[in-house]
Amino acid sequence: MKSNIRVRFAPSPTGPLHIGGVRTALYNYLFAKKHRGKFILRIEDTDRSRYIKGAEEYIMESLGWCGIRVDEGVNEGGDYGPYRQSERKDIYSKYASMLLESGWAYEAFDTPEELEILRKSHEEKGNTFVYDAKIRGKLKNSISLPADEVSRLHSEGVPYVIRFKMPVNEDIEMNDLVRGNIIVNSGTLDDKVLYKSDGMPTYHLANVVDDHLMEISHIIRGEEWLPSLALHVMLYRAFGWEMPSCAHLPLLLKPTGKGKLSKRDGDKLGFPVFPLYWPYGETASGYREEGYFPEAFVNMLALLGWNPGTDKEIFSMNELIEEFSIDRVGKSGARFDPEKARWFNHQYMQILQVQKIAAEYVKIVGNKGYEIDIKRASELVEMVRGRVDLISELWHQTDFFFKGPEIYDEAAVKKRWKDDSPFQMQELRSVLKAIISFTSDETEREVKKWIQENDYGMGDVLNAFRLIIVGELRGPHLFDIIAFIGKEETLKRLDKGLECLS
Ligand code: GLU
């Protein structure tokens, strides 16, 4: 292993970053930090036809939310910049020329229309057209054409692409840290375009050149890039460069375990497949806005493909850094389980510092048009955190602390508002009014004493009382609620309830 660990996350800004992409970034980050190396963010934006505005910012904000800190990148700078491929065009043209000179690449003048005709005619015969070693001699390129014809095409300014000249029949050996040794015969591979006629490199050339120039020690990326590995190995050989180590991560699978997790699965089952809300074009929900803690989200993602080898499931970022290793990344796809995602968040709802949750809760309350300070917010969070999974669910558990009921749940009224309820509530009002120290304990003691002395049914009284305070039969300990809203508000709700329900 190279002693200087440098890894990169190299997304293309073509839309919101899928959680599979976040997991790739996370594994790169954990690996880098574990080995005291550098985590580099490189934006691969050479395919201008797929470029989506806002995607680059979205990537950076997503990483920031997850607590994945970039060491070198577009915003952070670094000694190996620029870190955006569209700003490195001159570099790629130089390296493409080098491959032409060394004979590892050639110029191809075939027009898109000509290639389309070939594709169609192959299709009609039930074959697939591939631009490869077997056929290149018959096509319009600098291998098949005489030199003076190539010069003529150049002087006429005829557009061309640069293709890699794949050896005819050679076993290409590769090693992957997750999959072990792989051998692919070059005869099965095509002559990929490395450089397009618009003066832009394709992914393969730019990616390999940059990994080399940025001194990347380990390539950690999704399994969907495994088919490109043989070409990349050949490119390294053509340039005479040492290849970084590689690890191709298993796919994230649908909850059914069959096929790759897609946005459609999320839409169908009601869970996000993106870290943040995506506001452009076809909008999409995100974990942050749905009420997940970044700590829980990261913890869940870390365990989708990597296992610690123990039963331990709750890991802080520091613990993940400590324990992560590529040896424990599995080969088979990791099934995504939305229920488990909620479970993780529920765990963090219980273990995170109450002030941290309260800070989020204060914002929610503000958005609802109320105000609360962090101390009182913490008290409320403490009261209800056991009952919720998501931050966004806190409001439903606490809305009645801020406003008395507008309506009373019909089914609950039918069941709990009895003939005796009006006069019992009237008496209860007097009992509560007389209490000086309006704490949860004190009110509970006095109210229960009064119930017992009068031989009333405990459930009858307390359910009717809850109905009046909350409007429904839900919420935490009733005496905690009235202590929190205070005596004045409690009496007010009793008056209103008596008026509306009697
Ligand atoms: N730009 C590629 C992507 O969007 C990078 C693949 C790689 O890491 O080599 O995923």
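Computed over heavy atoms, backbone and side chain alike; hydrogens, waters and symmetry mates excluded. Read the numbers this way: they start at 1 and go in the same order the structure lists the ligands and their atoms. All values derive from a computational prediction rather than experimental measurement.
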Considering distance alone, does some N or O of Pro11 sit under 3.5 Å from an N or O of ligand 1? no
In ligand 1, the atoms that come under 4.0 Å of a heavy atom of Asn207 are 7 (C), 9 (O)
Can we say Asp211 and Arg42 salt-bridge, meaning some charged N sits less than 4.0 Å from an Asp/Glu carboxylate O? yes
Quick one: nearest non-hydrogen protein atom to atom 1 (N) of ligand 1, plus distance? Glu44 OE1, 2.6 Å
Which atoms of ligand 1 are found less than 4.0 Å from any heavy atom of Tyr203? 2 (C), 5 (C), 6 (C), 7 (C), 9 (O)
Closest approach of any protein heavy atom to atom 8 (O) of ligand 1, naming residue and atom: Arg8 NH1, 2.7 Å
Test applied, ring-ring contact (aromatic ring centres under 6.0 Å, His included); reference residue, Tyr287; option that passes from Phe271, Phe274, Phe297: Phe297
Return the closest protein heavy atom for atom 5 (C) of ligand 1 as residue, atom name and distance. Ala10 O, 3.1 Å
Assess, by modelled atom type and distance only, whether the side chains of Asn185 and Asn169 contain a donor and an acceptor separated by less than 3.5 Å. yes
For Glu123, is there an ion pair with Lys120 - N to carboxylate O distance below 4.0 angstrom? no
Measure the distance from atom 4 (O) of ligand 1 to every protein heavy atom, then report the residue, atom name and distance (to 0.1 Å) of the closest one. Ser12 OG, 3.2 Å
Look at Glu295 together with Lys356 and state whether they make a salt bridge at an N to O cut-off of under 4.0 Å. yes
Is there a side-chain contact between Pro250 and Lys331 in this structure, where contact means two heavy atoms from C-beta onward sitting under 4.5 Å apart? no
Does Phe9 approach ligand 1 within less than 4.0 angstrom via side chain, backbone, both or neither, non-hydrogen atoms only? neither
